[in-house]
Number of protein chains: 2
Amino acid sequence: MEKRHADIIAEELEERIFGGIYADGDRLDEVRLAEQFGVSRTPLREALQRLARSGLVELKPRRGAFVCQPGPVDLIEMFEVMAEFEAICGRLAARRISDAALADLHDANDKCQAAVQAQDPDSYYAENERFHKIIYRESGNSFLEAETSALHRRLQPFRRQQLRLRGRMAQSMKEHKDILTALEHGVSEAAADALRGHVAIQGEKFHSLMATLKNAAE
Amino acid sequence: MEKRHADIIAEELEERIFGGIYADGDRLDEVRLAEQFGVSRTPLREALQRLARSGLVELKPRRGAFVCQPGPVDLIEMFEVMAEFEAICGRLAARRISDAALADLHDANDKCQAAVQAQDPDSYYAENERFHKIIYRESGNSFLEAETSALHRRLQPFRRQQLRLRGRMAQSMKEHKDILTALEHGVSEAAADALRGHVAIQGEKFHSLMATLKNAAE
DNA sequence: CATTCAGTTTTTGTATACAAGAAAGTTGAC
DNA sequence: GTCAACTTTCTTGTATACAAAAACTGAATG
């Protein structure tokens, strides 16, 4: 499948915004970016339109494109919604999950455990993501799966930081255990609650992380 | 706030797709639409990009834009997610709703009741929408509010037909009552359950039937 | 010293022009 | 008559050109 320039540019800009290359409120100059990418303004503008739809930049008419980094309040709200999304996936998956998927979940969880013992955050991160994606999929609702994956992706850079907190991985493994047993026994509400709590904790941790950062900055 | 041509065209095309002017799979010819709107291809292409981001058209590279009407399975999935979104709003709103908003809810509900007695579906529709939007807002999470409103809007044309079902409005009023009391007493789970049930249109069995059909087809 | 207003400059929004790829139509061989 | 390769036409993707609106400059004025 041939990719258009606009696609590549949109992805690259998305990476940069997620990666923090651009600060909140920065103006994205069309001509400068265009010559930087070696293309004309046309595909670049298409890319900006796309980013605007995703909420990564604000497109002020006749003014230009300004990057929209989510503030602390936005992030807390998004984490709250993420927790609820995962809870929904869990509630539905508890009723619909297949045996094969349950086996996959066990496998992902075992590899998570191994990563914890090996002190390997990257591997833990990958397997943890697989664990959650399986649950999204087993919700049996591809629309929900897409929405949840999209928000997951958007929160990815912020989630990653807080994995470094001491003891988080061990605690997370306990929560995975609860999720797994709830799914195995098909107890919808337990699965939903376990997943909501599992993700909401990340949001709260993030909250305190922000607070410490803010205090440190003062 | 000055609107760009691309904005107007995107809205108009969105209306047409929602309104069923274009059937699923129709190709949207750039040059024909451009001369139809009296503009060049540039703003029209921007509009198509936006519609693609919203999932209303598929943009096949070097092939053109094709409208993507959701099929029955998609609709069931989206309605299921809508029900869960509303449930989330309800759960959060039960804990966060203000007295003023509660009064507004009562007002909207009263006007709904009046519309039912007056056999006025349009008025009912408008007040019903206000009722729900208040709950979205009182979730206290503007990100959730935006996501829920977006999905609500996308499902609007399909929801409307449903209202014509005999006795639906009366039943709906009963459910509103339950939602209202749950919110008033701050009982999160009751509010969530009431809203989920209120919005869910199809039974679980039908959904899983469709899901298995879809999986079998792959 | 702040302010306002005219002129300049920059930048966006749109139109047009051009190039490359895909669909369609044609010709020729079997 | 059918199928395949070639050519033609059409459509998309990209570049460039132009017009209008916003930002900037700077001097004149209260």
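So that the names make sense, note that chain A is the first sequence line, chain B the second, and so on, each numbered from 1.
The CG-P distance, from A:Leu48 to C:dG13, rounds to 10 Å in whole Å. As rounded to whole Å, 14 Å separates atom C1' of C:dG13 from atom CG of A:Leu44. Nucleotide D:dT14 holds its P atom 7 Å from the CZ atom of B:Arg45, rounded to whole Å. Computed from coordinates, the A:His5 NE2 to C:dA20 C1' distance equals 11 Å when rounded to whole Å. Here the C1' atom of nucleotide C:dG21 and the CZ atom of B:Arg62 are 5 Å apart, to the nearest Å. In this structure, CG of B:Leu59 is placed 15 Å from P of C:dA22, rounded to the nearest angstrom. In this structure, CG of A:Asp29 is placed 14 Å from P of D:dA23, rounded to the nearest angstrom. What separates CZ of B:Phe66 from C1' of C:dA22 is a distance of 11 Å, to the nearest Å.
The residue A:Arg41 sits close to a base: some heavy atom pair falls under 4.0 Å. Using a 4.0 Å heavy-atom criterion, one finds that A:Glu30 contacts the sugar-phosphate atoms exclusively. No engagement by B:Arg32 is indicated, since no non-hydrogen atom pair under 4.0 Å with the nucleic acid exists. Counting non-hydrogen atoms under 4.0 angstrom, A:Val39 reaches the backbone sugars and phosphates but no base.
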Practice item. Apply salt bridge (Lys or Arg N to Asp or Glu O under 4.0 Å) to B:Glu46 and A:Arg45, showing your working. Key: CA-CA 8 Å; B:Glu46 289 194 359; A:Arg45 279 176 61 82; 3.1 Å; yes
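Mapping A:Thr42 and A:Ala65 onto DNA chain C by nearest heavy atom places A:Ala65 at the nucleotide closer to the 5' end. Remark on DNA chain D: of its neighbouring residues B:Arg63 and A:Arg63, the 5'-side contact belongs to B:Arg63, judged by nearest-heavy-atom nucleotide.
Between B:Ser40 and C:dA15, a side-chain N or O to OP1/OP2 separation shorter than 4.0 Å is present. Residue A:Arg27 has a polar side-chain atom (N or O) positioned under 4.0 Å from OP1 or OP2 of C:dT12.
Using modelled atom types, one finds no donor on one side chain facing an acceptor on the other under 3.5 Å when comparing A:Glu86 with A:Thr148. For the residue pair A:Arg96 and A:Ser139, no side-chain donor N or O sits within less than 3.5 Å of a side-chain acceptor on the partner.
Checking D:dG13, C:dT12, D:dT14 against every side-chain atom of A:Pro43, the shortest atom distance belongs to D:dT14.
Under the 6.0 Å cut-off for aromatic ring centres, A:Phe85 and B:Phe85 qualify, their centroids lying closer than that.
Here ring-ring contact (aromatic ring centres under 6.0 Å, His included) pairs that include residues 128-151 of chain A, with residues two or more places apart or in two chains, are A:Phe131-A:His176, A:His132-A:His176, A:His132-A:His198.
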